[in-house]
Amino acid sequence: MIRLENVSKTYRGASGSAANDVRLEISRGEFVFLVGSSGSGKSTLLRMLLREEKPDEGEIFVLGENLARLRQSQVASYRRKLGVVFQDFRLLTNKTVYQNVAYALQVIGKSKAFIETTVPDVLRLVGLEEKSANYPTALSGGEQQRVAIARALVNRPELLLADEPTGNLDPGNSREIMGLLERINLSGTTIVMATHDRGIVDQMQKRVIEVSEGRIVRDAQTAGYREIPSDAIGQVSEE
Amino acid sequence: MRISFVLRELWEGIRGNLSMVLSIVLVSFVSLSFVAVAALLQVQVGNLKNYWYDKAQIAIYLCNDFESELVCEAGAITQSQQIAVAAQLKSTALAPYIDTYYFESQEEAYQRLLEESSELSAAQYLNPEQLNATYWVSLADPESAELVVEAFESQPGVASVADQRSYFDPIIGLLNGASVAAGSIAAVMLFSAALLTATTIRLSAFARRKEIAIMRLVGASSASIQLPFILEGLLAALAGGGLAIGLNVFLVENYLTDSLALELAFANFVTTADVLQVAPFVLSLGAILAVLASGISTFRHLRT
């Protein structure tokens, strides 16, 4: 599903590298946490998976595409195969819950009939069918993030990228969102989630990849995951 | 990408940015008005040339006894000299340039002068011998007048050669000057219109940056993201162009067709039909500039 081969990236003017010879493989159906302090390089990894950044060196394969070789004109169709959610939800405040989710389908030219059947389905999945006519400002943070998740899922992606999706939420809402993400993962969607929230990571018992100074310093594995080569791990700290 | 969606986005863009869109309309209006005026002045020059150059003739005035010795040192033209001039007119070398010609004797010139002049004119005090016998030459191609003039100017027995076209040179020069002036103003105005369009569309894109960010994330193509903005600039420019055409039609109808043309029938003024003929050119110029300006200004904004 995702394979990074010797990926390196240095931002112009930055002292350290954002990614340093990263090797990583994530299989279909996995739920993976990316952890690390601010500036560790986990956001860069997510941005590269989104193809907002290109690596300086190395190859990135996602959903069968080689992102380093992807032409500019192919980026749009690649992104239709992903879903993304962010810490700040990124909802349009002048559109209702329904319109926010439908917008993601309208802009890629889906038919009205398709939109009218798909959007209520996904709103039911995130438990917001009752609030489809509300505006985002009338919703709690947790509900807003659920709208964002619905929008990310509405085109039925195989891979969901989440950048600190609980970063703005209180513990109750965070638990709710994690429950939703887990259900989504159980239905077959691969999830890669960057987070600071150690509590969530400990509680969920999933694969954890820790990034520091652009290197993968820990890859705590769940059963069945193959041993990664030791030279891909900078300083291994087994827990 | 669906048309209904693009139109809705376009409408949102225009609604949220109305005063700026209006400013594009107005600047396009003024600049394209000047473009239309410059083009119409060129049409007017063409009209005058077509109409008058066809009628304009070359007059080969032959020597008489009254010409100064500087031009006619041997006095009046001799018969052999006149035969030489006539032969030159018939020569194969000049045949391609000359359409028709006829000879006007001194007596005929006098009769014409009498007919064309009022009683108190100089004709009463002149006699035929004081006038020049003349060959009137109509040209096949008015542009080759100079060649024909040169061919006869130095012929013995020829007093002078006049190209009637030259009477129109001052007015054509004036119109050409006005056309160049209008064109120059148009160029400056078009440049500012393009800059304003670029700025305005960039603001419009900035105002909708959240939507754009979301469109990019969910995989909308660059074309479908850019299209509403380009259409916004295009529509505003076309509206301005339409107003410019309207203004020109109004001016031509009111100040030329319905007033000046009635008094100066010979001038062959431009008409509404001419305005409508330059309209596609004016509108497409405005359209191309607007599309380029808004396309370039949003390109950087929308790159994935």
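Residue numbers begin at 1 in each chain, while the letters A, B, ... track the order of the sequences.
- The contact between B:Ile214 and chain A is made entirely by side chain atoms (from C-beta outward), counting heavy-atom distances below 4.5 Å.
- For the pair A:Glu65 and A:Lys81, the salt-bridge criterion is met [side-chain N within less than 4.0 Å of a carboxylate O].
- Between the side chains of B:Ser224 and B:Ser221, a donor-acceptor pair is found at a separation under 3.5 Å.
- Inspection of non-hydrogen atoms places no residue of residues 238-257 of chain B under 4.5 Å from chain A.
- Proximity of A:Asn94 to B:Glu12: side-chain heavy atoms (C-beta onward) are separated by under 4.5 Å at one or more points.
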Please report the C-alpha distance between B:Asn17 and B:Glu232 in whole Å, then the side-chain angles of each, then the deciding distance to 0.1 Å, and finally whether the side-chain hydrogen bond (donor to acceptor under 3.5 Å, both in side chains) criterion is met. CA-CA 10 Å; B:Asn17 208 15; B:Glu232 191 178 328; 3.3 Å; yes

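- Ranking B:Glu211, B:Lys210, B:Met215 against chain A, the residue ahead of the rest is B:Glu211, based on heavy-atom pairs under 4.5 Å.
- If you measure heavy-atom distances from A:Ser111 to chain B, the contacts under 4.5 Å come from both the backbone and the side chain.
- Within the 4.5 angstrom heavy-atom criterion, only side-chain atoms of A:Leu50, from C-beta onward, approach chain B.
- Using a 4.0 Å cut-off between charged side-chain N and carboxylate O, A:Glu30 and A:Lys206 make no salt bridge.
- Within the 4.5 Å cutoff, the side chain of A:Arg146 has no heavy atoms near those of the A:Lys131 side chain.
- A heavy-atom distance below 4.5 Å is found between the side chains of A:Ile60 and A:Leu49.
- At a threshold of 4.5 Å between non-hydrogen side-chain atoms, the residues B:Leu48 and B:Phe168 do not count as touching.
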